[in-house]
Amino acid sequence: MRGTVLPCLLVVAVVTVRLAGSLVIGQSKLDGGELGRTEQTRDDQDRADSARRGQGYGLASPWPAFKWDTVPLFWHAADANGPFNASTLNFIARFPLATIEKFQGQDVAPIGTGAEEKIVAAAKQIKERSADVKVLFYLNSIMDWDMYDLHTYCKEHSHDMWLYNENHQPVLIRNQTVFNVSSERVRQTWIAALLNASKSGYIDGAFVDRGAAPQSLPGVSAERMAIWKHGHDLHMSEIQAAMGPDKIVISNNQDYIDVNARMFERFFVNDFDKNSAYLDLVALMHEATYPHLAEVHGEPCTPVVFNASLTAYLVGAGQYAYYACTAGWSVQTGWMDWHAEYSKPLGEPLGAATTINDSAGFCGKSYHSHVAGTIKDIDRNGGFDRESPFWAALSKTAVGLGFNKPMLSRWIDDYWMRNPNEAKPIFGRRFASGTCVTLDFRNETPIPCIVWSDRSWTGSDACL
């Protein structure tokens, strides 16, 4: 498995797996009347290896503005009704990073198509309002969404561009056809569409949806699925290499060491990949070690989700991790909302999160003081001593499960059920403003708590 985020004790093993050679595949018919072509050659491997050796690593320059003064935020939405109005543009200008979603201008001429031009036009609007906002172009790595001109081209060349099942029918996800990314031609056509948009001068990078390839697709054999997934891994590497190191490429819900950013689409609560809350938190803690930019998104933004996801974000976030909480991906689903917490002073973290014994005591009257060394800082083993029974068992199990994230999440949950007497952690973190954050995993549902510098608080009723 490529690029899976795991507790840091396992990172070396993960990197070894991902860099230790590539699957070299010859000719295989995959679509059209003969189920199509797979064009996996030694050139594919060399190209991906070249990307890994430097073109895709690290942080873009210049990177989006990042300050701890208040909660660092990002914006990601579309207005199907057409160009952004002045009020929306003024609001977007408050954010250092914005993605224009696929539905931008969908309901205006040309209706239901021309997404590329509409996204670039929206990016131009934002740049003219504030050149400081980094604007990203949305494109799905797997689903050939029908509002793009790219889809029109793929439809005209469907036997070459789409993935077909064993019954010679196009594979569908949410009623959308699927790119046959096992073909180099398909991957390069996809990248050409992105590069063409970038030539406008208004695009600072790409938001690549479906960064995590599915384990299976309807009507596709296991053998052909393995070929297609390998093509998707190459695709993600090639996107960053083609864009260059000075462009941001966000992979949704999946880490790649040669792609410089990722999103957690539904962080901590109702995780998109059904990861446990604990595994989501540990994954976020590791983003700054790659280094990666991270977008952390709570969804749907109910009070419970907002409290938990914001608290977990503040516990685990490093530099260049940005937060948002909404109910979807249009301007009508919460992207024009400004929570009171977003204006509260925060300040730089006074170190990494720590494991603590008592939430109330940690954020009590002495919350302004931070005595180094009194509480064990989390290191790369996610807050547990390397010799702890949980950590030793997790490390062994991760290898046995092939680093499968959903299976690891279930294993973590099951472990606590099988070992009820083993202490679960409480995490705590302080910020320069005096804001204090705790996250208590001792209950079945983690208890979040943020005590702001003005002594107001956000979180569960049980947190204080």
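Source: prediction; values computed, not measured.
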From [X] [atom1] over to [Y] [atom2], what is the distance, rounded to the nearest 0.5 angstrom?
X    : Y    : atom1 : atom2 : result
L293 : L97  : CG    : CG    : 6.0 Å
Q254 : D233 : CD    : CG    : 8.0 Å
E299 : D271 : CD    : CG    : 11.5 Å
W63  : Q319 : CH2   : CD    : 11.0 Å
D209 : L139 : CG    : CG    : 9.5 Å
I447 : L439 : CD1   : CG    : 9.5 Å

Ion pair K67/D69, N-O distance below 4.0 Å: no
Ignoring hydrogens and angles, tell me if any N or O in the side chain of [X] forms a donor-acceptor pair with the backbone of [Y] under 3.5 Å.
X    : Y    : result
N90  : A86  : yes
T311 : A308 : no
S456 : W452 : no
E287 : A317 : no
S453 : G434 : no
Q240 : G244 : yes
H232 : S141 : no
T354 : I356 : no
R429 : G351 : yes
Q125 : F84  : yes

Taking the side chain as C-beta and beyond, is there a heavy-atom pair between [X] and [Y] under 4.5 Å?
X    : Y    : value
V108 : N81  : no
W228 : P214 : yes
T99  : W75  : no
N140 : Y148 : no
V181 : K229 : no
F179 : L150 : yes
Y320 : N260 : no
R187 : L234 : yes

If every non-hydrogen atom of [X] is compared with every non-hydrogen atom of [Y], which pair is closest and at what distance?
X    : Y    : result
Y323 : S309 : OH-OG, 2.8 Å
I248 : I250 : CG2-CG1, 3.9 Å
A93  : V133 : CA-CG2, 4.1 Å
V331 : A77  : N-CB, 4.0 Å
C325 : Y342 : N-OH, 3.9 Å
H297 : F74  : CB-CZ, 4.1 Å

Disulfide bond (SG atoms under 2.5 Å apart), that's the test. Do C449 and C363 meet it? Break it down for me. CA-CA 9 Å; C449 189; C363 289; over 6 Å; no
I'd like to know whether I100 forms a side-chain contact (heavy atoms from CB on, under 4.5 Å) with F137, so could you lay out the CA-CA distance, the side-chain angles of the two residues, the decisive distance to 0.1 Å, and finally the verdict. CA-CA 6 Å; I100 312 302; F137 183 96; over 6 Å; no
Taking only residues two or more places apart in sequence, or in another chain, which ones meet D132 in a side-chain hydrogen bond (donor to acceptor under 3.5 Å, both in side chains)?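 Expected list: none.
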Listed by chain and number, what are the side-chain hydrogen bond (donor to acceptor under 3.5 Å, both in side chains) partners of K127, not counting sequence neighbours? D204
For a side-chain contact (heavy atoms from CB on, under 4.5 Å) check, start with the C-alpha distance between I203 and L136, then their side-chain angles and the critical distance, and finish with the verdict. CA-CA 6 Å; I203 300 297; L136 306 186; over 6 Å; no
Can a donor-acceptor pair be found between the side chains of [X] and [Y] at a distance below 3.5 Å?
X    : Y    : result
S433 : W68  : no
N85  : T88  : yes
T458 : N307 : no
H151 : D144 : yes

Could you tell me if the ring centre of Y313 sits under 6.0 Å from that of F264?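 So the answer is no for these two rings.
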Ring centroid separation for H339 and F306, is it under 6.0 angstrom? yes
Could you walk me through whether C436 and W457 pass the side-chain contact (heavy atoms from CB on, under 4.5 Å) check? CA-CA 9 Å; C436 177; W457 62 278; over 6 Å; no
Quick one: ring pair (Phe, Tyr, Trp, His ring centres under 6.0 Å) partners of H76, sequence neighbours excluded?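 Testing H76 for ring pair (Phe, Tyr, Trp, His ring centres under 6.0 Å), a comparison that skips the adjacent residues, returns F207, W329.
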Could you point out which residue of R262, R210, E265, E295 forms a side chain to side chain donor-acceptor pair (under 3.5 Å) with N252? E265
So, is the end of the R430 side chain (NZ or CZ) under 6.0 Å from the ring centre of F362 and within 45° of the ring's axis? yes
Just do the ring pair (Phe, Tyr, Trp, His ring centres under 6.0 Å) check on F95 and W335 with the steps written out, would you? CA-CA 11 Å; F95 299 82; W335 290 102; 7.7 Å; no
Any chance you could lay out the ring pair (Phe, Tyr, Trp, His ring centres under 6.0 Å) test for F66 and Y322, step after step, and finish with the verdict? CA-CA 8 Å; F66 184 88; Y322 303 83; 5.4 Å; yes
Strictly by salt bridge (Lys or Arg N to Asp or Glu O under 4.0 Å), give each pair with a member in residues 83-104 just once, sequence neighbours left out.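 Sorted pair list comes back empty.
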Qualifying salt bridge (Lys or Arg N to Asp or Glu O under 4.0 Å) pairs with a residue from residues 319-346, counting only residues at least two apart or across chains: K344-D454
Let's go through L281 and V315 carefully: what are the C-alpha distance in whole Å and the side-chain angles of both, what is the deciding distance for side-chain contact (heavy atoms from CB on, under 4.5 Å) to 0.1 Å, and is it a yes or a no? CA-CA 8 Å; L281 178 61; V315 168; 4.0 Å; yes
For residues 111-124, which residue pairs pass the side chain to side chain donor-acceptor pair (under 3.5 Å) check, not counting sequence neighbours? T113-D149, K124-E128
